[in-house]
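If you read the sequence from its start, that first residue is 1, and numbering goes on from there. In what follows, every heavy atom counts, from backbone to side chain, and hydrogens, waters and symmetry copies are set aside.
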Amino acid sequence: MSDPLVVGRIGRPHGIRGEVTVDVRTDDPEGRFAAGTRIETDPASIGPLTVERARWHSGRLLLRFAGIDDRDAAETLRGTWLVVDSGDIPPSADPDEYHDQELIGLAVVTTGGADVGEVAGVLHHGQDLLVVRGPDGETLVPFVAALVPEVDVAGGRLVIDPPPGLLDGS
């Protein structure tokens, strides 16, 4: 696998027949976790896992994997990351939508041309936040058009228009 991309994380067991809760990290859970789908894991020694059944219960995705038939076996999966090869994900048709792996590593500059650092990560907490790592540490930049007017994936850079105080840690 070239670049693993997290699509979920296995949580606690649900019931006694081997189902687990999943913290979904994909915008296509029905496709990613369809019955019969083989999913790689991190750590790799636990997988790959094959989805036997997927269902929603009280707003949570529940999965049952082939060979995981009881609560004890399900418990051994807790905390496992479910990953796919980023090369297997087609680019978005929306020109203003980006996959995390497209943004990570982009150079970050201000609208005035000052070097800020590079995108080290993307957080999804109600609002998408870019983790920008620069010489003075990390800064969280809300990923909104007003603050990020330009994203040039092909050119390897992202332009920000930071409000006063965003980059000086105050």
Holding to side chain to side chain donor-acceptor pair (under 3.5 Å), I want the full list of residues that pass it with R9, two or more places apart in sequence or in another chain. none

Residues in side chain to side chain donor-acceptor pair (under 3.5 Å) contact with R78, at least two apart in sequence or another chain: E75

Tell me which donor-acceptor pairs under 3.5 Å the side chains of residues 110-120 have, and how far apart each pair is, sequence neighbours excluded?
{"residue": "T110", "atom": "OG1", "partner": "G112", "partner atom": "N", "Å": "3.3"}
{"residue": "T110", "atom": "OG1", "partner": "G113", "partner atom": "N", "Å": "3.4"}
{"residue": "T110", "atom": "OG1", "partner": "A114", "partner atom": "N", "Å": "3.1"}

Counterpart residues, side chain to side chain donor-acceptor pair (under 3.5 Å), relative to R12 (two or more places apart): none

Sequence-distant partners of D42, side chain to side chain donor-acceptor pair (under 3.5 Å), two or more places apart: none

Considering only residues two or more places apart or on different chains, which pairs with a residue in residues 17-61 satisfy ring-ring contact (aromatic ring centres under 6.0 Å, His included)? H14-H57

Pairs touching residues 152-162 that satisfy side chain to side chain donor-acceptor pair (under 3.5 Å), sequence neighbours left out: E150-R157

Return the set of residues passing side chain to side chain contact (heavy atoms under 4.5 Å, CB included) with P48 (not counting sequence neighbours), or none when no residue passes. R38, E40

Step by step, work out the side-chain contact (heavy atoms from CB on, under 4.5 Å) result for V131 and V122. CA-CA 6 Å; V131 180; V122 182; over 6 Å; no

Do L62 and T21 come close enough that some side-chain heavy atom pair is under 4.5 Å? yes

Where do V7 and V83 land on the side-chain contact (heavy atoms from CB on, under 4.5 Å) test, with the steps shown first? CA-CA 6 Å; V7 293; V83 298; 6.0 Å; no

Using the salt bridge (Lys or Arg N to Asp or Glu O under 4.0 Å) criterion, which residues pair with R133? Sequence neighbours excluded. E138

Other cluster members, V109 - Ile/Leu/Val/Met/Phe/Trp/Tyr, side-chain contacts below 4.5 Å: V159

Backbone N or O of A35 within a donor-acceptor pair of the R53 side chain at under 3.5 Å? no

I10 and V84: same hydrophobic cluster, using ILVMFWY side-chain contacts below 4.5 Å? yes

Got a second to check how far T76's OG1 is from I68's CD1, nearest 0.5 Å? 5.5 Å

Counterpart residues, salt bridge (Lys or Arg N to Asp or Glu O under 4.0 Å), relative to D69 (two or more places apart): R64

Could I get the full list of salt bridge (Lys or Arg N to Asp or Glu O under 4.0 Å) partners for R60, not counting sequence neighbours? none

